[in-house]
Structure formats: structure tokens, C-alpha cells
Student: 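After the C-alpha cells below, expect a handful of questions from me.
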Amino acid sequence: MNKKITIAIDGFSSTGKSTLAKQLANHLGYVYVDTGAMYRAVTFFAMQNGYINADYFDIQTLINSLPNIKLHFKFNSVLGFGEMYLNDVNVETEIRTIEVSSFVSKVAEVSEVRAKLVEQQKEMGKDKGIVMDGRDIGTVVFPNAELKIFMTASATTRAKRRYDELVAKGDPVTFEEVLANVEERDHIDTHREDSPLVMADDAIEIDNSHLNREEQFELVLELVNEITKAI
Ligand code: DC
């Protein structure tokens with residue numbers, strides 16, 4: 001029986017991190033954690049309570065309210081992954097809208113928010129056997145992860161994927177709007193002071209602009225097998 005490892009998957013938005021992470025977790029029998037969903041749930045909480053809108057963000061009140069935010073994932077066997085719950089309410093659909101996407105990077109800049117979520121993420125991974133995706137997993141959450149993947153693809157490729165997903169869900173968005181959101185998030189995520197999106201020195205970069213899901217999965221699975229054999 002191979003030893004369980006920690007797999008950190010970081011990268012830009014809409015690079016297919018969660019698709020790869022879910023495939024790996026299902027195949028390996030590991031826990032999958034989508035940390036973006038946690039930042040989205042905090043953002044949704046801030047929106048619901050009127051702490052953030054297009055021209056206003058009451059950061060201090062959000063910080064003061066952090067103890068009232070309880071997040072957990074509950075595995076849905078039909079979907080094959082854990083859905084996000086905010087204070088015991090399933091918010092998996094609500095956190096995927098373009099409104100949440102347009103505010104989430106601002107919320108993710110707040111150090112107090114990051115500290116709370118990172119602490120919970122470290123706790124979830126303490127027994128290994130976990131695939132976690134996000135922006136700071138290989139650099140901050142699990143700097144000692146045995147396997148770190150950094151995923152990239154061009155902004156246009158990523159916006160096209162995101163646009164197709166939103167349209168399939170009936171969200172009335174334009175491609176330009178989605179592309180602008182992807183580019184704005186890239187900028188904020190890579191330029192923020194606390195835990196900016198950077199590739200860990202020991203991460204393996206995968207540009208999947210021209211790789212399909214299966215090719216990408218096989219490539220990473222091979223890396224996992226090499227590592228687990230060696231430890
Ligand atoms: O992966 P995603 O697009 O659902 O993430 C939503 C936002 O959350 C993203 O714009 C940046 C932020 N995020 C972060 O700062 N750190 C993480 N570990 C995960 C997400």
C-alpha cells in the first residue's frame with residue numbers, strides 16, 4: 001500500500017485546477033478541498049450582510065464578523081465532491097455567480113480572512129491523503145507538500161472555458177465581461193500583499209492551453225506514482 005501524500009494545486013483562475021484535483025482525489029481515494037469555495041463563501045456572507053457591493057467594502061465589520069462564519073464541506077456522493085456549506089446552509093450554487101467572482105479577490109486580500117481560512121485548511125490536511133487547490137497552497141498552506149502543481153493557460157482560453165460554464169448554467173453574461181473578470185482577478189491575485197499568487201520554487205508548471213483533461217490527468221498521476229513509490 002502506497003503512503004498517502006499531500007498534493008497542492010495552485011494557479012490562475014479557470015485553469016481547470018478543480019477538475020484535475022477532483023479526478024486525482026477520486027482516483028486516489030483522497031480528500032479534495034476547493035479553497036476558492038471557502039473565499040467565495042466568505043464573500044457571499046459579506047454580500048448577504050451588505051458589507052460589500054460595487055462601490056463599498058466595510059472591511060472592519062467583515063473582520064469583526066469572522067467568528068460568526070462557519071464553513072464546512074459535506075460530501076455529495078452524486079456529484080462526487082464536497083459541497084460548500086456556510087453556517088450549515090448549502091451555498092454551492094450561490095458562490096459560483098459572476099457577482100461573487102467580481103468581489104472575491106477583494107475579500108481574499110484581507111489578511112484576517114486569509115489567516116482564518118488557512119488555519120482551517122492546515123487542519124483539514126494534517127493527516128495527508130489530500131488534494132487541495134487554490135492560490136497559496138504550495139507556498140503558505142502546505143509548504144512541505146510532496147507534490148506541487150502550478151497550472152497556467154492563456155487568459156482568453158480560461159475566459160472561454162468560464163464563459164461556456166456560466167452560459168450552460170443560464171447565467172446571462174457576455175464573453176467580454178468574463179474576460180475582464182478573469183484579467184482583473186489575475187491582477188489582484190498576483191499583486192496582493194498577503195500571499196500573492198506565485199509559483200512555489202519546487203512546483204511543477206503545467207500549461208494546459210493545449211492539453212485535454214485525460215492527458216493532464218495521466219501526466220500528474222504519473223508524478224504521484226513516482227513520488228509515492230519513492231517514499
Ligand atoms: O479558485 P476560485 O476562482 O474559485 O477562487 C476564487 C478567488 O479566491 C480567487 O480570485 C482568489 C481567491 N483565492 C485565494 O486568494 N486563495 C486561495 N487559496 C483560493 C482562492
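Note that ligands are numbered from 1 as they come in the structure, with each ligand's atoms numbered from 1 the same way.
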Student: Kindly confirm or rule out an N or O of D34 lying under 3.5 angstrom from an N or O of ligand 1.
Tutor: no

Student: Tell me which one of I206, I7, I9 satisfies side-chain contact (heavy atoms from CB on, under 4.5 Å) with V220.
Tutor: I206

Student: List every atom of ligand 1 that sits less than 4.0 Å from any heavy atom of R114, numbering the atoms from 1 in the order shown and giving each element.
Tutor: 14 (C), 15 (O), 16 (N)

Student: Would you check whether M38 reaches within less than 4.0 Å of ligand 1, judged by its heavy atoms?
Tutor: no

Student: Measure R135 to ligand 1 on non-hydrogen atoms and call it side chain, backbone, both or neither using the 4.0 Å cut-off.
Tutor: both

Student: How does R192 reach ligand 1, by side chain, by backbone, by both or by neither, if only non-hydrogen atoms under 4.0 Å count?
Tutor: side chain

Student: Do N181 and E177 have a side chain donor and acceptor closer than 3.5 Å?
Tutor: no

Student: Numbering the atoms of ligand 1 from 1, which are under 4.0 Å from a heavy atom of S105?
Tutor: 10 (O)

Student: Is the shortest distance from a Lys or Arg side-chain nitrogen in D202 or K148 to a carboxylate oxygen in the other one below 4.0 Å?
Tutor: yes

Student: Group every Ile, Leu, Val, Met, Phe, Trp and Tyr by side-chain heavy-atom contacts under 4.5 Å, then state whether Y39 and I188 land in the same group.
Tutor: no

Student: Could a heavy atom of E109 be found less than 4.0 Å from some atom of ligand 1?
Tutor: no

Student: Would you mind running through ligand 1 and noting each atom that sits below 4.0 Å from a heavy atom of A108?
Tutor: 12 (C), 15 (O)

Student: Under 6.0 Å from the ring centre and within 45 degrees of the ring axis: does the NZ or CZ of K22 meet both conditions for the six-membered ring of F81?
Tutor: yes

Student: Just to confirm my output: which protein heavy-atom neighbour is closest to atom 19 (C) of ligand 1, and how far is it?
Tutor: T35 OG1, 3.3 Å

Student: Give a yes or no on whether a salt bridge exists between E123 and K126, defined as a side-chain N under 4.0 angstrom from a carboxylate O.
Tutor: yes

Student: Under 30°, 30 to 60°, or over 60°: which ring-plane class applies to H27 and F217, parallel, tilted or perpendicular?
Tutor: perpendicular

Student: Indicate, with yes or no, if V198 and I204 share a hydrophobic cluster defined by side-chain heavy-atom contacts under 4.5 Å among Ile, Leu, Val, Met, Phe, Trp and Tyr.
Tutor: no

Student: Mark up the atoms of ligand 1 that fall under 4.0 Å of a heavy atom belonging to Y39, in ascending order.
Tutor: 8 (O), 13 (N), 14 (C), 16 (N), 17 (C), 18 (N), 19 (C), 20 (C)

Student: Show the atoms of ligand 1 that are less than 4.0 angstrom away from any heavy atom in D189.
Tutor: 9 (C), 10 (O), 11 (C)

Student: For V113, which of I63, L66, T43 qualifies under side-chain contact (heavy atoms from CB on, under 4.5 Å)?
Tutor: L66

Student: Can you list the ligand 1 atoms lying under 4.0 Å from a non-hydrogen atom of R40?
Tutor: 2 (P), 3 (O), 4 (O), 6 (C)

Student: Any nitrogen or oxygen of R185, side chain or backbone, less than 3.5 Å from one on ligand 1?
Tutor: yes

